[in-house]
Amino acid sequence: MPLQAIYCLFELPIDENEEEKEKEDLIYGTKRLDIKVDDEDDLRNVEILTSDYKNIVGAKLDGGFEDYFELMIKKHEVQGRPISDGDDIILLNSFDGAEAIKSKDNKSSVISFSSQIFSTNQIQEKKVAAGSSFNILTWLQVIGKETIDLLKIMGSDFFTARKKILEGSLTIPSCPNSKLWCYDVHDGKMHYELTQHSKWNRKYCPNLLCYCQKGDGLKSNHTCELMTRDDNKWYVAQSKAVWDRNETSHDELKHRDWADAENWGVTHFGVSPEEYPLDTLRYDTFHMSCSIL
Ligand SMILES: [Zn+2]
């Protein structure tokens with residue numbers, strides 16, 4: 001089924017003083033960009049519409065997540081391996097930025113937001129191959145770099161939907177009796193940007209998912225303790241409380257230093273743990289080696 005895309009401009013609220021900075025973050029020339037795309041299919045739904053760098057340019061599949069679910073269900077039907085109502089269904093979401101466009105002066109990036117579903121039965125019956133890309137649905141592509149400001153704006157509908165999926169109030173319309181298991185499987189760079197956790201080059205707590213401090217893994221008899229969803233919420237709240245009490249002087253860098261040394265690397269600058277709980281994140285290990293090193 002051909003993807004029907006609508007072309008959108010998304011307003012990005014910016015401080016006038018931040019214009020120069022934003023100019024670097026978003027990549028529009030004064031005229032239509034000279035597009036060079038490595039993979040034509042990747043960008044067939046993206047059109048450059050404006051020379052105004054205050055807008056985010058991208059292409060969004062019409063509808064909301066319930067519509068995307070139905071498109072993904074149809075993809076399986078077309079392939080002759082339908083998902084039945086009542087099947088346990090796994091939803092994997094993957095966002096990734098790629099340098100795909102080059103203007104005359106700039107390297108530009110496109111962030112793709114994609115999801116796929118499959119049922120546990122399909123895996124057990126070996127009807128879905130792990131490497132298959134057929135059932136991946138890219139529902140949004142945006143021109144810009146992977147920054148938390150941009151991701152929060154562009155991902156806001158998704159994160160609201162994700163929260164409802166986790167609560168069970170958003171289901172697949174044609175499979176109302178199916179249980180949905182939702183995981184985000186971005187590469188390391190994207191996970192760190194979305195969570196705003198201490199980066200991997202920091203001194204004390206660069207590990208996103210666990211309590212290991214830097215170097216702990218090298219100690220003999222080391223065991224890794226994962227951080228729970230509730231603990232993560234608590235540390236996010238603690239970060240906000242310290243910020244609100246002005247203990248780190250509302251200085252972002254100073255606050256990040258504090259979080260790294262005293263808050264297990266957790267800050268409150270990222271997507272909220274209600275929308276993006278720590279225990280539903282998984283690393284895309286095929287990407288991780290090149291993203292983190
Ligand atoms: Zn660990």
Side-chain angles (χ1 to χ4, degrees), residues 6 8-14 25-26 55-72 89-97 109-117 136-173 179-197 208-209 227-237 239-240 243 265-284 287:
I6 55 168
C8 309
L9 300 179
F10 305 97
E11 288 292 330
L12 178 68
I14 55 171
D25 287 346
L26 300 172
N55 291 306
I56 299 171
V57 174
K60 182 181 171 295
L61 213 57
D62 207 358
F65 225 81
E66 286 177 337
D67 304 301
Y68 305 160
F69 273 137
E70 291 307 319
L71 284 171
M72 291 187 269
I89 295 173
I90 297 165
L91 163 68
L92 300 182
N93 307 299
S94 176
F95 307 164
D96 200 9
S109 309
V110 170
I111 310 170
S112 294
F113 298 72
S114 309
S115 298
Q116 63 173 307
I117 55 172
I136 294 175
L137 177 73
T138 297
W139 40 270
L140 173 65
Q141 287 187 309
V142 176
I143 299 176
K145 287 182 184 167
E146 297 174 46
T147 60
I148 184 62
D149 292 344
L150 190 149
L151 292 168
K152 271 187 175 172
I153 294 166
M154 298 318 304
S156 64
D157 287 349
F158 166 76
F159 288 118
T160 304
R162 194 183 193 284
K163 188 168 177 250
K164 287 183 185 167
I165 290 166
L166 291 174
E167 290 166 353
S169 62
L170 196 164
T171 54
I172 301 176
K179 182 165 172 47
L180 263 174
W181 304 84
C182 171
Y183 297 102
D184 275 32
V185 293
H186 319 306
D187 63 15
K189 185 179 175 192
M190 181 63 78
H191 277 312
Y192 275 76
E193 194 59 34
L194 287 167
T195 56
Q196 292 291 294
H197 191 276
L208 171 61
L209 300 178
M227 186 178 281
T228 64
R229 180 188 297 205
D230 286 343
D231 283 2
N232 184 244
K233 275 187 193 171
W234 194 89
Y235 288 116
V236 170
S239 169
K240 182 156 188 327
W243 180 266
V266 179
T267 77
H268 64 289
F269 297 137
V271 177
S272 84
E274 276 78 25
E275 295 170 318
Y276 195 58
L278 197 67
D279 57 313
T280 63
L281 314 187
R282 298 289 185 275
Y283 281 117
D284 171 357
H287 267 93

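All residue numbers in this chain count up from 1 along the given sequence.
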Donor-acceptor contacts, no H, no angles, side chain residues 150-158, under 3.5 Å, sequence neighbours left out:
from, atom 1, to, atom 2, distance (Å)
Lys152, NZ, Phe269, O, 2.9
Ser156, OG, Ile153, O, 3.2

Taking side chain as C-beta onward, heavy atoms only, is Leu281 less than 4.5 Å from Leu194?
-> no

For Met190 and Gly97, which heavy atoms make the closest approach, and how far apart are they?
-> CE-N, 4.4 Å

Leu71 and Leu61: side-chain contact (heavy atoms from CB on, under 4.5 Å), yes or no, with the steps?
-> CA-CA 11 Å; Leu71 284 171; Leu61 213 57; 3.6 Å; yes

Does Thr267 reach the main-chain N or O of Gln196 with its side chain, forming a donor-acceptor pair under 3.5 Å?
-> yes

Stepwise side-chain contact (heavy atoms from CB on, under 4.5 Å) check, Glu66 with Ile172 | CA-CA 6 Å; Glu66 286 177 337; Ile172 301 176; over 6 Å; no

Do you know the tightest heavy-atom contact between Lys145 and Ser109?
-> CG-OG, 3.9 Å

Distance in Å, Asp184 CG paired with Leu278 CG, rounded so as to fall on 0.5 Å steps | 11.5 Å

Check side-chain contact (heavy atoms from CB on, under 4.5 Å) between Asp279 and all other residues, then give those that pass, not counting sequence neighbours.
-> Arg229, Pro277

For Phe159, check ring pair (Phe, Tyr, Trp, His ring centres under 6.0 Å) against everything at least two apart and list the hits.
-> Tyr276

What is the distance from atom CD of Glu146 to atom CG of Asp187, rounded to the nearest 0.5 Å?
-> 6.0 Å

Side chain proximity check, Lys179 to Ile89, heavy atoms < 4.5 angstrom = no

Interatomic distance, OG1@Thr280 vs CZ@Arg162, rounded to 0.5 Å, equals 3.5 Å

Measure the shortest side-chain to side-chain distance between Leu91 and Ser115 over non-hydrogen atoms and say whether it is less than 4.5 angstrom.
-> yes

Specify whether Phe95 and Phe113 have parallel, tilted or perpendicular ring planes, treating 30° as the upper limit for parallel and 60° as the lower limit for perpendicular.
-> tilted

Distance in Å, Arg282 CZ paired with Asn93 CG, rounded so as to fall on 0.5 Å steps | 12.5 Å

Neighbour count above 12 (heavy atom, 6.0 Å) for Lys164 NZ | no

Closest approach of Thr228 to Asp231 (non-hydrogen atoms, all atoms of both residues) | OG1-N, 3.0 Å

How long is the gap from CG on Leu92 to SG on Cys182, to the nearest 0.5 Å?
-> 8.5 Å

Side chain Ser114, main chain Ile136, donor-acceptor under 3.5 Å | no

Least distance between heavy atoms, Thr171 atom then Phe69 atom = O-CD1, 4.2 Å

What's the spacing between Thr138 OG1 and Ile111 CD1 if we round to 0.5 Å?
-> 13.0 Å

Expected output: side-chain Tyr283 to main-chain His191 donor-acceptor under 3.5 Å | no

Going by atom types alone, do Asp96 and Ser112 pair a side-chain donor with an acceptor below 3.5 Å?
-> no

